[in-house]
Amino acid sequence: SFDFEIDIVLNHAPEIGNLNTDWLFEGQMFDFKVDAWDEDGDDLEFTWDMGDDVKREGESVRFGYPDDGVYTIEVSVSDGEATTVKKFEVEVENMDPDLTVSFEDEADEGSELSFAAQVYDVPMDDVTVTWTFADGSKLDGLFVQYDFNDDGDYLITVVAEDKDGGRTEEQILVTIKNVAPAFTEFVMPDSAEEGEALNFM
């Protein structure tokens with residue numbers, strides 16, 4: 001009789017630890033990585049489903065979400081024989097719009113001044129700009145004009161808001177200078193008798 005000794009080596013499936021983040025901001029590019037290892041020392045292949053109809057491959061994935069929300073990332077790690085899959089939930093937060101305002105800060109009373117705004121947000125977010133003037137009147141738009149009929153210092157509030165509640169506010173000050181009255185027409189009589197009362201207009 002013969003005795004046979006057989007060593008049976010079983011492959012170990014890869015193991016996946018933690019994702020390197022669980023939150024970020026919309027539009028922010030980030031290098032996603034997971035802790036993964038294999039007891040057998042096999043080379044590992046990584047496949048990523050970013051939860052936004054985007055699939056990538058590689059040990060590290062650089063990616064940014066175009067809008068806020070909660071996304072489920074699914075990571076698959078294979079050693080060529082066995083595959084391990086793990087899901088991670090990532091919260092993507094909304095960003096407030098960036099707002100830049102350009103305007104003339106000084107003019108004469110009776111002037112119409114122009115105000116312009118530049119805004120930046122992720123392409124998925126529509127941004128509304130509202131201008132509130134000292135008399136309570138409001139105008140919407142990236143470009144507005146307003147008449148200042150009296151001298152004084154006027155505080156104007158500019159607000160940029162996106163559809164997800166992001167809000168940026170700025171206050172600007174405009175100084176309107178007084179203008180001395182001017183004669184439009186001066187009429188005087190061209191002749192008169194001595195002692196006669198004259199009318200000047």
Side-chain angles (χ1 to χ4, degrees), residues 21-32 50-54 62-71 89-201:
T21 188
D22 59 4
W23 73 273
L24 65 155
F25 290 106
E26 61 183 1
Q28 175 188 357
M29 297 301 293
F30 187 79
D31 293 318
F32 291 90
M50 305 307 295
D52 191 34
D53 297 324
V54 173
R62 186 167 181 78
F63 184 74
Y65 288 94
D67 202 6
D68 61 297
V70 177
Y71 298 86
E89 202 168 80
V90 175
E91 182 176 355
V92 179
E93 296 187 16
N94 185 57
M95 285 283 288
D96 293 336
D98 286 335
L99 172 64
T100 303
V101 180
S102 57
F103 64 102
E104 293 179 53
D105 61 359
E106 193 174 271
D108 292 334
E109 61 184 352
S111 300
E112 180 182 65
L113 293 186
S114 298
F115 301 87
Q118 289 183 319
V119 293
Y120 173 77
D121 207 330
V122 293
M124 298 290 287
D125 287 352
D126 293 326
V127 179
T128 301
V129 177
T130 303
W131 309 76
T132 303
F133 294 89
D135 62 359
S137 61
K138 296 177 182 289
L139 294 173
D140 290 335
L142 295 176
F143 178 81
V144 298
Q145 293 178 306
Y146 186 82
D147 290 319
F148 293 89
N149 296 319
D150 199 7
D151 61 292
D153 291 329
Y154 294 88
L155 193 65
I156 302 160
T157 302
V158 192
V159 176
E161 292 184 281
D162 66 26
K163 65 179 180 63
D164 297 316
R167 187 178 191 275
T168 301
E169 177 179 317
E170 281 195 25
Q171 289 189 322
I172 58 178
L173 185 67
V174 173
T175 299
I176 302 300
K177 297 178 291 184
N178 184 56
V179 176
F183 290 111
T184 56
E185 184 178 7
F186 184 71
V187 179
M188 59 182 294
D190 55 3
S191 64
E193 297 291 335
E194 184 178 357
E196 180 183 356
L198 299 180
N199 292 321
F200 296 87
M201 298 181 293

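Sequence positions, counted from 1, serve as the residue numbers for this chain. Just so it is clear, the values below take in all heavy atoms, side chains as well, and ignore hydrogens, waters and symmetry mates.
Summarising the geometry of E109 relative to D150, their closest heavy-atom pair is OE1-OD1, 3.4 Å, with the distance given to 0.1 Å. In plain terms, the two heavy atoms of A134 and Y154 that are nearest each other are CB-CD2, 3.8 Å. Contact record, Y65 with M50: OH-O, 2.7 Å, taken as the closest heavy-atom pair. Of all non-hydrogen atoms in P66 and D52, the two that sit nearest each other are CD-OD2, 3.5 Å. Nearest heavy atoms, L99 versus A117: CD1-CB, 4.0 Å. N94 approaches G165 most closely through the heavy-atom pair ND2-C, 4.2 Å.
A donor-acceptor pair under 3.5 Å is absent between the side-chain atoms of E161 and the main chain of T128, judged by distance alone. A donor-acceptor pair under 3.5 Å is formed between the side chain of D135 and the backbone N or O of S137. Using a distance-only test at 3.5 Å, with no hydrogens or angles considered, a donor-acceptor pair links the side chain of D162 to the main chain of D164. Formation of a donor-acceptor pair under 3.5 Å by the T175 side chain with backbone atoms of E106 is not found in this model. Judged by distance alone, the side chain of D96 and the main-chain N or O of R167 form a donor-acceptor pair under 3.5 Å.
To the nearest 0.5 angstrom, L155 atom CG is 4.5 Å from Q171 atom CD. Here CZ of F63 is found 9.5 Å from CG of L24. Values are rounded to the nearest 0.5 Å. In this structure, CD1 in I172 is found 9.0 Å from CG in D105, a value given to the nearest 0.5 Å. Atom CG of D68 is separated from atom CD of E91 by 9.0 Å, given to the nearest 0.5 angstrom. Expressed to the nearest 0.5 Å, how far CH2 of W23 lies from CZ of F30 amounts to 10.0 Å. The CD atom of E26 lies 5.5 Å from the CG atom of D121; values are rounded to the nearest 0.5 Å.
Using a cutoff of 4.0 Å between basic side-chain nitrogens and carboxylate oxygens, K163 and D67 are scored as salt-bridged. Look at K177 and D151 and you find no salt bridge, because none of the NZ, NE, NH1 or NH2 atoms lies under 4.0 Å from a carboxylate O.
The shortest distance between side-chain heavy atoms of E89 and V70 falls below 4.5 Å. Within the 4.5 Å cutoff, no side-chain heavy atoms of P97 are placed close to those of V129. With a 4.5 Å cut-off on side-chain heavy atoms, I156 and Y146 do not count as touching.
Within 6.0 Å of the CD atom in Q28, the count of heavy atoms belonging to other residues, nucleotides or ligands exceeds 12. When the shell of 6.0 Å around CD of E169 is examined, it contains more than 12 heavy atoms from other residues, nucleotides or ligands.
Sorted by first then second residue, the ring-ring contact (aromatic ring centres under 6.0 Å, His included) pairs that include residues 94-119, not counting sequence neighbours, are F115-W131, F115-F133.
Checked against V144 for a side chain to side chain contact (heavy atoms under 4.5 Å, CB included), the options V158, L139, T130 give a single hit: L139.
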